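Right, one structure below, let's go through it.
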Amino acid sequence: MSSDHAKIVMQRLDALAQISEDDGQTTRIFASPAMRRTNHDVGLWMREAGMSVRVDAVGNLIGHYPAAQPDGKILLLGSHLDTVRDAGKFDGPLGVLVAIACVQQLHDSKTRLPFAIEVVGFADEEGVRFQSAYLGSRALAGTFDPEDLKRTDAKGITMAEAIREFGGNPDAIASAKGDVNRLLGYAEVHIEQGPVLEQKNLAVGVVSAIAGQTRARISFLGQAGHAGTVPMNLRRDALAAAAEFILAVESLGQNRGGLVATVGEIAALPGASNVIPGEARLSLDVRHPDDATRVKACHELKSRAEEIASERDVKWKWETVHESAAVVCNRRLTLLLENAVKRQQPEAPLLASGAGHDAAAMSALCPVAMLFVRCQGGISHNPAESASAADVRVAVAVMNDFIVQLARPA
Ligand code: GLV
Ligand code: MN
Ligand code: MN
C-alpha cells in the first residue's frame, strides 16, 4: 500500500459506490447482496491492515487490531456501510475507511498500542429497509429491541428472516453487545452533510451533540372508488387527507425554531389513475436538538392528523418506529479531537449534528466523539455528495493524532 492513505480512502470510496442494488445508483440496504459484497471487500482491506475480521449476529463487520497486551482495552472506530437510496459515496463508508487507514499506518510501522482498535462497519444506520435507524449500532450497544425482528420490509420479509438469510443469527443479537468494561470509547468520522465547515473554510470540525429523532409510519384509510363516478362531495380520499397532513408537517417545521419535519415516502393504494385512493401510507421524520420540543411537535402532529381525518371522515393510524434522544458527545474524547484538529488547522469549530449517527446509539454503551469533514455545498443523501482528498487527508491526520493522544499515559 502506498503511503497516501487519503488517496486510497478516495479510491475505496469510489469502489464501494459501485456496489449497489440498483444499476447506475448507490443503494445498499440492510442484509442485501450488496451489503454482503461490501462486507467482503471491506473485510479484505481490514485484513490487509493487520486486523482479524468477524461479522456479528446482526451483520456488523468488525476488524480487530490487537493491543500490545492481550488484556488491553478496546477503542472502537467506524461508521455505517449501508446507504440511503441513490446515495452519495461518503455518508457512512468514509468513517470506516479513514479508520482502516489509521490502523494500516500502525500495522505498517509495526506499532502495537496499549489498547486494541476495533473498526466497525455497521450493517444498518439509515434504516431504509425496516425503518430501523441505528440497527447495527443498537445491537453493539446492547439496546436492540427483539420486537423489531417482526418488522417487515416492502416485500413482507421479516427482519428475522433477512438476518438469517444474510448469515446472521436473530436469536443471538444480545451476544453482539460490546463489553462495556473493556471499551475506551467510540469515535466516528463522518461527512458533515451541511454547509458550516465550507462557510468557515475549514477542512474538519468536532461534533458537540447529535439531535434526537422520531420516525413514524402513518396511514390514512378512506374508501377506494371509481374516479369517474363518485361525486366529489361523497369521496373519502385517503391521499387528499395525507396531502393536507404533509402541508401541516411542513408548516410546523417552518414555524418552530430548530425543528425539522419531513415526509420522505408516500404510497397511494390501490394506486391507479382512475381509482380514488382508499389508503395512503407515509413516513414521518421529526428532529430537534431539544427532546421535549420534538416530543411536543409529534403530539401536535397527531392532533392535526386526528382533525384532518375527522373532517374528511377517514381513519388514521400512527406507529412510532424509531425514537432516539439527543446525545451530547463525551467531553474528554471531544477535547482530544479538538487538540488534534488545532494541530491541523487554525481552529476547531464545534458543530451540533442534525443528522443521526451511529455514535448516538453507541453513547448508550461507552463515551463517544465525532469528527466532521467538510461537505461540498452541504449536499448529502444525494449522489452529488462530495468531500476532497485534501480534507480526507486532514481527517486521517486528526484521527492518527487522536489515537496517539489516547495511547499516551494519563
Ligand atoms: C441518517 O443519516 C439520518 O440522519 O437520517
Ligand atoms: Mn445518512
Ligand atoms: Mn451516515
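Worth knowing before you read on, the calculation uses all heavy atoms, side chains too, and leaves out hydrogens, waters and symmetry mates. Keep in mind that what you see is a predicted model, and the values were worked out from it rather than measured.
V204 has its side chain out of reach of L337: every pair of non-hydrogen atoms, C-beta onward, lies at least 4.5 Å apart. Looking at heavy atoms from C-beta onward, V196 lies out of side-chain contact with P349 at the 4.5 angstrom threshold. Residues L252 and R304 are not in side-chain contact: their nearest non-hydrogen atoms beyond the backbone lie 4.5 Å or more apart. The side-chain heavy atoms of D91 and H190, taken from C-beta on, include a pair separated by under 4.5 Å. Here the side chains of V396 and Q105 are in contact, with some heavy-atom distance below 4.5 Å. In this structure, E279 and S219 have side chains that are in contact, with non-hydrogen atoms separated by less than 4.5 Å. The shortest distance between side-chain heavy atoms of Q345 and K200 does not fall below 4.5 Å. Here the side chains of L365 and K177 are in contact, with some heavy-atom distance below 4.5 Å.
Atom CZ of R129 sits about 11.0 Å away from atom CG of L135, to the nearest 0.5 Å. Interatomic distance, S132 OG to R151 CZ, rounded to the nearest 0.5 Å: 6.0 Å. L106 CG to N400 CG: the interatomic distance, rounded to the nearest 0.5 Å, is 7.0 Å. With rounding to the nearest 0.5 angstrom, the CG atom of L140 is 9.5 Å from the CG atom of D358. Remark: S353 OG to Q193 CD distance equals 7.0 Å, nearest 0.5 Å. With rounding to the nearest 0.5 Å, the separation of NZ in K155 from CD in E161 is 13.0 Å.
Side-chain N or O atoms of Q104 include none that pairs as donor or acceptor with a backbone N or O of H5 at under 3.5 Å. Between the T38 side chain and the A34 main chain, a donor and an acceptor come within less than 3.5 Å of each other. A donor-acceptor distance shorter than 3.5 angstrom exists from the side chain of S20 to the backbone of Q25, with no hydrogens or angles considered. Side chain of R28 to backbone of L16: a donor-acceptor contact under 3.5 angstrom is found. At distances below 3.5 Å, not a single donor-acceptor pair connects side-chain atoms of R287 with backbone N or O atoms of T262. A side-chain donor-acceptor contact under 3.5 Å links S208 to the backbone of L351. Using a distance-only test at 3.5 Å, with no hydrogens or angles considered, a donor-acceptor pair links the side chain of H288 to the main chain of G257. Panel note: side chain Q131, backbone V321; no donor-acceptor pair is recorded below 3.5 Å. Side-chain atoms of N60 come within 3.5 Å of backbone atoms of A123 as a donor-acceptor pair (strictly under, hydrogens ignored). For D124 (side chain) and G127 (main-chain N/O), a donor-acceptor pair under 3.5 Å exists by modelled atom type.
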Problem set entry | Check against side-chain contact (heavy atoms from CB on, under 4.5 Å), W316 and K302 | CA-CA 10 Å; W316 69 288; K302 278 185 192 167; 4.1 Å; yes
Problem set entry | Worked verdict on R54 versus E118 for salt bridge (charged side-chain N to carboxylate O under 4.0 Å, His left out) | CA-CA 11 Å; R54 65 184 193 274; E118 292 202 339; 3.4 Å; yes
Problem set entry | Criterion ring pair (Phe, Tyr, Trp, His ring centres under 6.0 Å) on F372 and H357, from CA distance to verdict | CA-CA 11 Å; F372 270 174; H357 297 290; 5.5 Å; yes
For this session: For the pair L350 and T334, evaluate side-chain contact (heavy atoms from CB on, under 4.5 Å) and give the outcome as yes or no after the intermediate values.
Result: CA-CA 9 Å; L350 277 171; T334 300; 4.1 Å; yes
Problem set entry | Trace of the side-chain contact (heavy atoms from CB on, under 4.5 Å) decision for L197 with D391 | CA-CA 11 Å; L197 291 171; D391 289 355; over 6 Å; no
Exercise. Do L301 and F245 pass the side-chain contact (heavy atoms from CB on, under 4.5 Å) test, and can you show the C-alpha distance, the side-chain angles, and the key distance before you say yes or no?
Worked result: CA-CA 8 Å; L301 288 174; F245 178 74; 4.3 Å; yes
Exercise. Between E319 and K317, does a salt bridge (charged side-chain N to carboxylate O under 4.0 Å, His left out) hold up when you go through it step by step?
Worked result: CA-CA 7 Å; E319 186 196 356; K317 277 196 304 202; over 6 Å; no
Problem set entry | Steps toward salt bridge (charged side-chain N to carboxylate O under 4.0 Å, His left out) verdict (R85, E265) | CA-CA 12 Å; R85 292 197 188 284; E265 282 178 81; over 6 Å; no
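Between L61 and G43, the closest heavy-atom pair is CD2-N, 3.8 Å. Of all heavy-atom pairs between S386 and F90, the closest is CA-CE1, 3.6 Å. Considering every non-hydrogen atom in both L183 and C366, the closest pair reads CB-CB, 4.2 Å. S32 and I29 get closest at one heavy-atom pair: OG-O, 2.6 Å. Residue Y134 comes nearest to S324 through the heavy atom pair CE1-OG, 3.6 Å, listed as atom of the first residue, atom of the second, then distance. G78 approaches A99 most closely through the heavy-atom pair N-CB, 4.4 Å.
Side-chain atoms of T27 and E21 form no donor-acceptor pair, as typed in the model, at a separation below 3.5 Å. Neither side chain, Q18 nor D14, offers a donor N or O lying under 3.5 Å from an acceptor on the other.
Each of V42, I19, V120 was compared with L81 under the side chain to side chain contact (heavy atoms under 4.5 Å, CB included) criterion, and only V42 meets it. Looking at R294, Q213, R215 one by one, the single match for side chain to side chain donor-acceptor pair (under 3.5 Å) with E323 turns out to be R294.
More than 12 non-hydrogen atoms from other residues, nucleotides or ligands lie less than 6.0 angstrom from CZ of R312. Applying the 6.0 Å contact sphere to CD of E165 captures no more than 12 heavy atoms from other residues, nucleotides or ligands. Annotation for Q11: atom CD counts as buried by contact number, over 12 foreign heavy atoms lying within 6.0 Å.
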